[in-house]
2 protein chains.
Amino acid sequence: MSAEEAIFQPVEPVRAYQRVAEQIEERILSGDLPPGSRLPGERELVSQFAVGRSTVREALRVLQSAGLVRSRPGDPLGAEVLGITPDNLSRTLGRLARSHLSTLGELVQFRMVLDAESNRLAARLHSESDLARMAEQIERMETLSAGEAGLHAFSEADALFHQAVAEASGNSLLGLCARAVHDAVVEVIEEKIAVAADATVWMQRSIAHHRQVLAAIRDGDGALAARLGRQALYDYYADRVEEGTRRLLSAALDEE
Amino acid sequence: MSAEEAIFQPVEPVRAYQRVAEQIEERILSGDLPPGSRLPGERELVSQFAVGRSTVREALRVLQSAGLVRSRPGDPLGAEVLGITPDNLSRTLGRLARSHLSTLGELVQFRMVLDAESNRLAARLHSESDLARMAEQIERMETLSAGEAGLHAFSEADALFHQAVAEASGNSLLGLCARAVHDAVVEVIEEKIAVAADATVWMQRSIAHHRQVLAAIRDGDGALAARLGRQALYDYYADRVEEGTRRLLSAALDEE
DNA sequence: ACCAGGAGACTGGTCAGACCAGTTGAATTC
DNA sequence: GAATTCAACTGGTCTGACCAGTCTCCTGGT
């Protein structure tokens, strides 16, 4: 044996609230407590776990900050079990982004990779209903750009389009991450996307872009779909990222 | 206006512990409280925030479960501020993976995408020191495979190699996510990687694979590096994922 | 018979005070 | 001077209390 193997693991103290949280989390993740179901009230949990209320509350706080449950004062049904949502992932990524640990350039580069691969896979694996959903979102964008609805609604349709693409790719994780990174980017730059003057032009260009992507996906041309996705992000963000990180975007731009 | 815009936002109650947690988080993320620094003791926070101790503790619990601080009983210096670590991202992704919301196939497919793009970017952007670090890890793998060290140490070197690649790509996020997904995969399948008999063969093959990747990156051949990364994951996992999701891997396999 | 309104029994959010076990560092002892 | 002891902390937990909501159900008026 090259190195003396330690037989015993260092034992670290396990807090009471941790064990409570773990038990509940286990039940949730195992499907025992499906989304929408209710936890017992805090006082009931107190007696079931045989701990103090503060302990139970700290455990619930942990679960709540993990997005697993939600509680509402006065609710006689107890805390509500939530499905796993990407919100928490967004927040985590957002923190990562804020803490200079990753730059805006990195975020955008990451999005370029995710969107491009999402598109590529969607081109290969899409079903008819996927295509229909994408087309539907594009139509919604048109309606919204014609009316005077806010940019916010337009962005929402945009996001839904990308979600449809991600679902078509068969990989919800891709979509979730892309969405989370998108949110993180929005949080980093305040993204007053464009002043009202440019808004119309921008929306038109965006719609045209999405049409191209949809066409490429429909044709099964993954390479084109991927390139389109990358290029759009590059065009939009290239002159907004930090000076030093533009090379990241360029590198992510061309396929080879 | 096509739809009546609501002028007022719905106001949701903000809990006291939330505001406490937000204030502290803000100070940490803004760099005001750098990693390694200490928070005041709980009783001190109680008087600064003018709330009860349970409120302060619930706030600290939230921050702790977000990986921002760590506290130790009896520590007269107060809770320690941690840097942003990818651990939390791993846990979040792990939960996502466990909650049938994403399958093993999706996880592996995601890894294929991340690793491949990581390799491709590294081929384009690497520096000499990056290459040196990768080579170093490969050497370590050789040493470990020769000796009788556990597979665990070998895997660690493997992970460090991938981390070096990710750093070379200039995008720490890619590496972080790849690592998180890797951990999630490990958690899902118990990954008794291979029985001792196969271990040696497997390690040799793994080393050969990493050599190829390193060579491709050194040559700046991004396409090859990407293909190698994808192929290795496919070979390893193709017959371990659920029956229905193998097509995901195949789809992610070929570039076009 | 029906519905509005109110009383009461809950809920979660917060606070105050207490105790315990563990850590620390200075005072004490050898 | 080095080892030991001790007192003053710390965070972790428990208890019991109060508040402001929310729900249920019962009541009283129409």
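Proteins get letters first, then strands, A, B, ... in listed order; numbering begins at 1 in each.
The nearest whole Å value for the distance from the CZ atom in B:Arg15 to the P atom in C:dC15 is 13 Å. If you measure from atom CZ of A:Arg38 to atom C1' of C:dG12, you get 13 Å, rounded to the nearest angstrom. Separating the CG atom of A:Asp75 from the C1' atom of C:dG12 is a distance of 9 Å, rounded to the nearest angstrom. Atom C1' of nucleotide D:dT13 and atom CD of B:Glu42 are separated by 11 Å, given to the nearest angstrom. Rounded to whole Å, atom P of D:dT13 lies 8 Å from atom CD of A:Gln18. Following rounding to the nearest Å, B:Arg57 (CZ) and D:dT13 (C1') show an atom-to-atom distance of 8 Å. With rounding to whole Å, A:Leu45 atom CG is found 12 Å from C:dG13 atom P. The CD atom of A:Glu58 sits 16 Å away from the P atom of C:dG12 (whole-angstrom rounding).
The side chain of B:Val51 lies closest to C:dC15 when the candidates are C:dG12, C:dC15, D:dG12. Here the side chain of A:Ser54 is nearest to one of C:dC15, D:dC14, C:dA18, namely D:dC14. Here the nucleotide nearest the side chain of A:Arg43, chosen from D:dT10, C:dT11, D:dC14, is C:dT11. Of all nucleotides listed (D:dC23, C:dG12, C:dT24), C:dT24 comes nearest to the side chain of B:Arg72. The side chain of B:Arg53 lies closest to C:dA18 when the candidates are C:dT24, C:dA18, C:dG12.
A sub-4.0 Å separation between OP1 or OP2 of C:dT11 and a side-chain N or O of A:Ser71 is absent.
Residue contacts shown for A:Arg61 are limited to sugar-phosphate atoms, with no base heavy atom under 4.0 Å away. The residue B:Gly74 sits close to a base: some heavy atom pair falls under 4.0 Å.
Comparing B:Glu44 and A:Ala16 along DNA chain D, the residue whose closest nucleotide (by nearest heavy atom) sits nearer the 5' end is B:Glu44. Comparing A:Leu39 and B:Val56 by the nucleotide of DNA chain C that holds the closest heavy atom to each, the one mapping nearer the 5' end is A:Leu39.
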(request) Just do the side chain to side chain donor-acceptor pair (under 3.5 Å) check on A:Gln18 and A:Glu22 with the steps written out, would you? (result) CA-CA 6 Å; A:Gln18 282 180 355; A:Glu22 278 164 19; over 6 Å; no
(request) Take B:Thr245 and B:Glu106 through the test side chain to side chain donor-acceptor pair (under 3.5 Å) and record every step on the way to the result. (result) CA-CA 7 Å; B:Thr245 60; B:Glu106 285 181 59; over 6 Å; no
(request) For A:Ser127 and A:Asp130, run side chain to side chain donor-acceptor pair (under 3.5 Å): C-alpha distance rounded to whole Å, both residues' side-chain angles, the deciding distance at 0.1 Å, then the answer. (result) CA-CA 5 Å; A:Ser127 70; A:Asp130 291 325; 3.0 Å; yes
Mind listing the side-chain donor-acceptor pairs of residues 30-40 of chain B below 3.5 Å, one per line with the distance, residues two or more places apart or on another chain?
| unit_1 | atom_1 | unit_2 | atom_2 | d |
| --- | --- | --- | --- | --- |
| B:Ser30 | OG | B:Glu26 | O | 3.1 |
| B:Ser30 | OG | B:Arg27 | O | 3.3 |
| B:Ser30 | OG | B:Asp32 | N | 3.4 |
| B:Asp32 | OD2 | B:Arg27 | NE | 2.8 |
| B:Ser37 | OG | B:Pro34 | O | 2.6 |
| B:Arg38 | NH1 | B:Asp75 | OD2 | 2.9 |
| B:Arg38 | NH1 | B:Gly78 | O | 3.0 |

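A donor-acceptor contact closer than 3.5 angstrom is absent between the side chains of B:Arg61 and B:Tyr17.
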